[in-house]
2 protein chains.
Amino acid sequence: MSTDTEGDGPTTRIQREKHEIILEAALDVFANHGFRGATIDQIAEAAGMSKPNLLYYFRSKEDIHQTLIARLLDNWLAPLRHMSADGDPLEEILDYVRRKIDMARDFPRESRLFANEILQGAPRIMDMLAGPLNELVREKTTIISQWMAEGKLAKADPYHLIFSIWATTQHYADFDVQVRVVLPPEHSGEERFEEAKAFLESMFTRTLTP
Amino acid sequence: MSTDTEGDGPTTRIQREKHEIILEAALDVFANHGFRGATIDQIAEAAGMSKPNLLYYFRSKEDIHQTLIARLLDNWLAPLRHMSADGDPLEEILDYVRRKIDMARDFPRESRLFANEILQGAPRIMDMLAGPLNELVREKTTIISQWMAEGKLAKADPYHLIFSIWATTQHYADFDVQVRVVLPPEHSGEERFEEAKAFLESMFTRTLTP
DNA sequence: CTAACATTTTTCCAATCGGTCAAAAATTCT
DNA sequence: AGAATTTTTGACCGATTGGAAAAATGTTAG
């Protein structure tokens with residue numbers, strides 16, 4: 001029978017492998033061309049198989065994309081979830097910044113996939129934004145506000161603080177091409193992520209130190 | 001349809017008007033769907049004309065897009081160009097931040113057009129990035145470094161400072177959907193730009209005050 | 001009015017798109 | 001081994017795409 005039914009039914013070794021290969025290839029293509037810009041042929045070629053063969057494993061282009069997005073969202077919120085009310089306030093936030101920079105370095109395609117989705121109006125993830133993300137942010141901004149009220153952090157709008165963390169960190173993945181072209185040659189190696197980390201640590205420390 | 005007014009130029013008047021209408025419509029479509037995701041039919045419909053009629057004014061979809069990009073780049077670099085070595089260092093930078101936020105509010109489609117282009121690897125504006133933009137940034141980072149060396153600003157990497165300004169300000173245009181969904185209802189009106197401005201002024205002031 | 005020109009519409013086309021289907025090939029099961 | 005099942009392929013389809021051609025419709029100058 002076909003394997004593209006939803007449930008985690010009996011999947012063979014080949015099926016699991018091919019699914020992985022396809023998703024890996026699709027991540028590459030979707031991240032660089034967006035949903036509309038990507039073609040099944042492109043993904044199939046990147047995955048080393050024919051288009052009908054790919055469609056044997058996934059019902060449709062949407063199906064692949066949705067699977068990719070669903071996987072992404074888990075890891076995407078992890079760093080923010082990790083922020084704990086029990087830790088040292090500044091250190092918790094700096095940790096969050098560092099983790100996000102690491103993600104921009106280690107998973108740039110995932111970041112661009114997400115960025116593409118938001119840019120196009122987030123049609124496929126609006127529920128997640130309005131639901132889990134909204135709630136998570138509300139929860140964490142509450143913690144941050146608490147810290148500020150207790151004098152452990154300088155007062156600032158916690159929502160815009162989070163936006164600025166998202167923006168600055170994801171920028172190094174989403175606008176990587178621009179960053180690399182603009183940076184002078186002696187800084188355009190992989191060390192730009194460590195430089196960014198240092199800069200952002202300093203910026204947010206100054207911003208949040210009471 | 002057509003016509004009104006007599007013309008000063010034999011053929012230029014109507015053409016200029018239609019060109020404007022088309023570019024305005026195309027900006028809307030390109031910003032929301034990307035280059036590949038946009039169709040000539042969509043643009044034509046938004047411009048209130050038929051596809052062949054649109055193609056009478058522009059040779060191709062690329063032609064429209066390139067015209068749009070070329071126009072954008074002028075205004076895009078204007079705020080950074082405006083930064084002067086003669087002004088008060090901190091105030092020059094805060095001015096830049098404010099102008100960029102204003103642009104995110106007043107020209108979000110242009111920002112998303114640009115973001116789309118960079119996300120896709122900047123194939124059509126690589127020359128501009130590697131040329132004029134690179135040089136402009138080099139020029140301004142030199143000024144900033146000078147200010148820091150003179151003790152007028154706290155020391156920080158000027159390139160990453162500029163990146164953080166780009167990222168935080170453009171975020172409010174490019175990720176507008178997310179920003180609106182995440183912000184609590186009482187903050188999701190148009191005042192979010194003023195809040196952002198206040199937050200970013202504070203952040204960059206703290207970051208750059210010696 | 002009419003000729004010259006500018007604009008618009010109608011019709012069409014080749015390429016590409018996402019996706020189907022039946023049959024071949026490979027694999028697994030007994 | 002052979003049967004049953006899974007995987008792969010090739011041939012094909014309808015819809016959409018960017019775009020061309022040319023006729024039809026204004027518009028304007030003489």
**OP:** Could you tell me the separation between the NZ atom of A/K18 and the P atom of C/dA26, rounded to a whole number of Å?
**Re:** 13 Å
**OP:** Rounded off to whole Å, could you give me the NE2-to-P distance for the A/H65 and C/dG18 pair?
**Re:** 13 Å
Subject >> Contact under 4.0 Å: A/Q15 side-chain N or O vs D/dT6 OP1/OP2 >> reply: no
**OP:** Write down the atom of A/I21, the atom of A/A47, and the distance for their closest heavy-atom approach.
**Re:** CG2-O, 3.5 Å
**OP:** Flag the pair B/Y96 / B/H82 as yes when their ring centroid distance falls below 6.0 Å, and as no otherwise.
**Re:** no
Subject >> Near-ring test B/H65/B/F58, centroid separation under 6.0 angstrom >> reply: no
Subject >> Salt bridge A/D176-A/R192, side-chain N to carboxylate O under 4.0 Å >> reply: yes
Original post:
Roughly how many Å is it from CD in B/Q66 to C1' in D/dG18, rounded to a whole number?
Top reply: 17 Å
Original post:
Is the shortest side-chain N to carboxylate O distance from B/R109 to B/E24 below 4.0 Å?
Top reply: yes
Original post:
Between B/S111 and B/W76, what is the shortest heavy-atom contact and its length?
Top reply: CA-CH2, 3.5 Å
Original post:
Looking at residues 47-55 of chain B, who's got a heavy atom less than 4.0 Å off DNA chain C?
Top reply: B/S50, B/P52, B/N53
Original post:
Could you give the CZ-to-P distance, from A/R59 to C/dG19, as a whole number of Å?
Top reply: 11 Å
**OP:** Starting from P on C/dT20, measure out to CG on A/D63 and report it in whole angstrom.
**Re:** 11 Å
Subject >> Lys/Arg N to Asp/Glu carboxylate O, A/D102 vs A/R105, below 4.0 Å >> reply: yes
**OP:** Report yes if the distance between the aromatic ring centroids of A/F35 and B/H33 is under 6.0 Å, otherwise no.
**Re:** no
**OP:** For D/dT17, take OP1 and OP2 only and decide whether either is under 4.0 Å from a side-chain N or O of B/K61.
**Re:** no
**OP:** Can you tell me the distance, in whole Å, between the OH atom of A/Y57 and the P atom of C/dT20?
**Re:** 17 Å
Original post:
For A/Y56 and D/dT8, is the shortest distance between a side-chain N/O and OP1 or OP2 below 4.0 Å?
Top reply: no
**OP:** Could you check which residues of residues 35-45 of chain A get a heavy atom under 4.0 Å from DNA chain C? Sort them by number, please.
**Re:** A/A38, A/T39, A/I40
Original post:
Charged N to carboxylate O under 4.0 angstrom, A/R112 versus A/D174?
Top reply: no
